[in-house]
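For reference, the structure discussed in these notes is given below.
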Amino acid sequence: MLLLCSLLSGCRESPVLRQVIYEASAPEVDENETMLDSQESGLANEDFDEQEDEDAETPRDSETTQGLTGEDNSAEQSMEEEYSATGENDWQADNAPTSAPEQTADAEGGAQPAEQAAADTAAPVAGGNSAKQIVDAAGRTVELPENVGSAAAVGWAAQAVSMLSGGGLLAAADEEFLSASLAASAFDLSAVSSSWSGDGSSYISDEAFAQLLSKKPGVCFEISGQRTFSDAQVTQLTAAGIPYVVLPSVTSLANLKQAVSLIAAVLAQDTPDDPITAAANAYIAWLDGIVREVAGKTDAQELTSLYLADWDDNAAYTLNYTKGAIEAQGSGMAVAWSPLKSQIVSDCMAAANVVNEATRIRSTHRESEGLYVSPMFHQFDPAVSGTKGVYYSGSGEYGAAFDLFVSRMISNTVYYQLGSEAFPALIVADESIKAAVEENWFWQYHPTDNNGYITINGESFYCGVVGDYEIYVNPRGMCDWTEGSLESPLEAVWLAYKFHNAYTLAEVKQIAADFYRQFFGLALTDAELREIFGE
């Protein structure tokens with residue numbers, strides 16, 4: 001018998017997370033509609049954000065996909081969820097649909113009847129003497145022992161396992177997490193196997209997998225959209241009786257809460273004072289509280305920015321029809337994430353009342369997760385090639401620079417342009433990107449006439465940079481805040497400080513220090529705080 005529980009601490013009648021239901025929906029969903037589980041389950045189910053790039057999916061992934069119908073406002077929806085003292089969502093009581101969605105996504109991304117989906121996932125996976133069952137992010141029912149005992153995970157999932165268990169249950173992780181100085185300071189990782197190279201986004205090697213099998217972890221986690229295990233390796237895990245659980249991609253703050261709840265459901269024991277359940281409840285309560293606090297402090301004009309995730313030194317461009325105005329050929333381009341790659345950083349920006357311009361692209365192309373962006377390329381009909389992104393400038397497409405990234409059209413006569421009061425800064429992933437932007441002629445401010453044009457060698461062309469602007473280098477702690485981690489909500493606090501002066505730097509540091517102390521048992525030194533915030 002499946003015991004149901006709420007995803008959120010306020011709704012949980014039992015102290016143990018016994019089962020988490022992730023109900024898939026049809027591929028095309030109205031982005032303003034809030035989806036709930038059937039009323040029989042009694043569970044509030046926040047939508048999964050849009051799936052990662054299709055090329056990154058594995059046949060095992062079946063997270064709900066959400067169609068792009070314009071500007072993504074899922075972040076704003078997740079910000080507005082308030083919970084009453086009894087734990088019931090206000091929106092659930094007032095706006096719940098009369099019935100649950102009737103379709104679910106199959107493994108190939110198509111839709112199938114809900115009854116068939118239930119039949120497909122009814123047969124429990126990974127067995128043995130199971131004491132509880134969970135439904136993972138791929139819609140699979142997974143049998144688990146009462147005491148899982150140990151877990152293998154990568155990236156933020158390894159961080160979450162460590163936080164929830166005090167570091168005691170992590171058996172294997174990736175090199176990047178295990179080499180993070182803050183992780184080593186917070187947890188005893190001496191017995192944890194370094195099973196995945198890099199950040200764990202590529203398949204585990206056959207040799208490392210054989211060692212992992214011999215270690216026989218109590219559960220193996222995989223993040224949806226990542227290549228943690230090959231299909232053949234998943235088959236071997238099942239044959240060895242090792243449960244395998246797919247986690248949702250942490251592409252939003254709502255998904256982050258779901259992921260923490262699911263990991264806790266897997267690891268928790270059926271005791272009245274289970275510490276794993278308590279830690280999950282405390283973290284979700286903190287996340288909701290910090291988002292409400294930031295929203296209350298940034299009740300001001302909505303500002304615009306652009307998050308640059310990378311710089312491609314090898315990207316080549318050719319500018320056509322320049323008539324000698326500027327160099328016709330060159331290399332080096334900034335890379336922003338496509339809206340087809342859902343971004344928790346955009347969610348955090350929305351919490352701080354800042355719009356990420358990258359989310360406004362409506363192109364249906366899926367060649368890459370990355371987009372090449374530049375303030376001055378659109379009217380020169382550029383030809384761009386590289387390996388880290390694509391550039392949309394063909395007939396009928398949105399120009400990646402002029403229309404979307406530099407001049408945000410608010411009305412027929414009002415634009416938010418880089419360097420203006422409404423678009424005062426860029427956000428970049430690291431110092432190397434900041435240096436590349438500063439040195440690039442296209443990203444520099446050049447005085448213009450009243451219509452936004454500059455003249456070089458007798459040729460006038462539009463310049464999207466209308467004034468000096470700041471370049472903010474994103475903080476980084478134990479994991480990457482912008483890619484998704486338990487630390488990601490701190491991003492919203494930092495952005496509120498940078499864009500709205502809602503906090504002082506000392507206050508931001510204190511909030512971060514309190515977070516690390518509460519959830520990692522780590523007293524950050526002044527030097528560690530300076531390193532996190534790039535001072």
Side-chain angles (χ1 to χ4, degrees), residues 5-12 14-22 43-49 63 78-79 81 83 87 89 132 134-138 142 144 148 151-170 173 177 183 186-187 219 221-224 226 245-269 274-291 342 344 347-348 351 477-481 483-492 515-516 518-521:
C5 70
S6 169
L7 291 179
L8 301 176
S9 60
C11 304
R12 189 176 291 111
S14 167
V16 181
L17 290 159
R18 302 297 296 160
Q19 182 190 37
V20 179
I21 299 293
Y22 293 89
L43 295 178
N45 181 25
E46 295 163 289
D47 289 342
F48 287 119
D49 281 350
E63 278 191 76
S78 66
M79 301 308 146
E81 295 178 6
Y83 300 96
N89 318 45
K132 60 182 177 181
I134 60 95
V135 178
D136 70 5
V142 183
L144 297 161
V148 169
V154 300
W156 59 261
Q159 181 191 41
V161 169
S162 299
M163 184 272 284
L164 292 172
S165 67
L169 295 186
L170 188 64
F177 176 74
F187 311 112
V219 66
F221 289 110
E222 178 172 85
I223 300 168
S224 180
Q226 289 193 10
V245 175
V246 179
L247 301 172
S249 302
V250 178
T251 53
S252 69
L253 294 173
N255 275 16
L256 177 57
K257 292 193 293 183
Q258 288 180 330
V260 170
S261 293
L262 180 53
I263 294 173
V266 171
L267 302 180
Q269 298 184 43
D274 177 66
I276 290 174
T277 302
N281 292 347
Y283 178 79
I284 292 170
W286 172 83
L287 188 157
D288 288 334
I290 205 68
V291 167
S342 299
I344 197 169
D347 221 3
C348 296
M478 189 179 299
C479 294
D480 190 326
W481 297 9
E483 286 294 311
S485 74
L486 298 184
E487 303 148 284
S488 290
L490 294 171
E491 174 93 6
F515 169 82
Y516 282 90
Q518 179 179 356
F519 294 105
F520 301 138

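Sequential numbering from 1 along the given sequence is applied to the chain's residues.
- Classification of the F187-F520 ring pair by plane angle, with boundaries at 30° and 60°, yields perpendicular.
- Note: L256 CG to S261 OG = 9.5 Å, rounded to the nearest 0.5 Å.
- When all heavy atoms of V266 and V148 are compared, the pair lying nearest together is O-CG2, 3.0 Å.
- In terms of heavy atoms, L164 sits closest to I276 at O-CG1, 3.4 Å.
- Contact between A265 and I134 at its shortest, heavy atoms only, is CB-CG2, 4.1 Å.
- In this structure a side-chain-to-backbone donor-acceptor pair under 3.5 Å is present from D347 to L253.
- Not one N or O on the side chain of K257 forms a donor-acceptor pair closer than 3.5 Å with the backbone of Y283.
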Just do the side chain to side chain contact (heavy atoms under 4.5 Å, CB included) check on I344 and W156 with the steps written out, would you?
CA-CA 13 Å; I344 197 169; W156 59 261; over 6 Å; no
Apply the test side chain to side chain contact (heavy atoms under 4.5 Å, CB included) to residues V246 and V142: give CA-CA distance (whole Å), side-chain angles for both, the deciding distance (0.1 Å), then the verdict.
CA-CA 10 Å; V246 179; V142 183; over 6 Å; no
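- At least one donor-acceptor pair under 3.5 Å links the side chain of S488 to the backbone N or O of W481.
- Between the CG atom in L486 and the CZ atom in F519 there is a gap of 9.0 Å [rounded to 0.5 Å].
- For the pair S249 (side chain) and S224 (backbone), a donor-acceptor distance under 3.5 Å is present.
- Side-chain atoms of E487 and Y516 include a donor-acceptor pair closer than 3.5 Å.
- Listed here is the closest heavy atom pair of A153 and V161: CB-CG2, 4.4 Å.
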Step by step, would you call I263 with F221 a side chain to side chain contact (heavy atoms under 4.5 Å, CB included)?
CA-CA 9 Å; I263 294 173; F221 289 110; 4.2 Å; yes
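- Here CD1 of I290 is found 13.0 Å from CD of E491. Values are rounded to the nearest 0.5 Å.
- Residues F177 and S162 form a side-chain contact, since some pair of their non-hydrogen atoms from C-beta on lies under 4.5 Å apart.
- Residues P248 and A137 share a closest heavy-atom pair of N-CB, 3.4 Å.
- Nearest heavy atom pair, residue L247 against residue L262, reads CD2-CD2, 3.8 Å.
- A heavy-atom distance below 4.5 Å is not found between the side chains of I223 and V250.
- Checking side-chain atoms of Q159 against main-chain N and O of M478 turns up no donor-acceptor pair under 3.5 Å.
- We find the CD-NZ distance between Q269 and K132 to be 7.5 Å, quoted to the nearest 0.5 Å.
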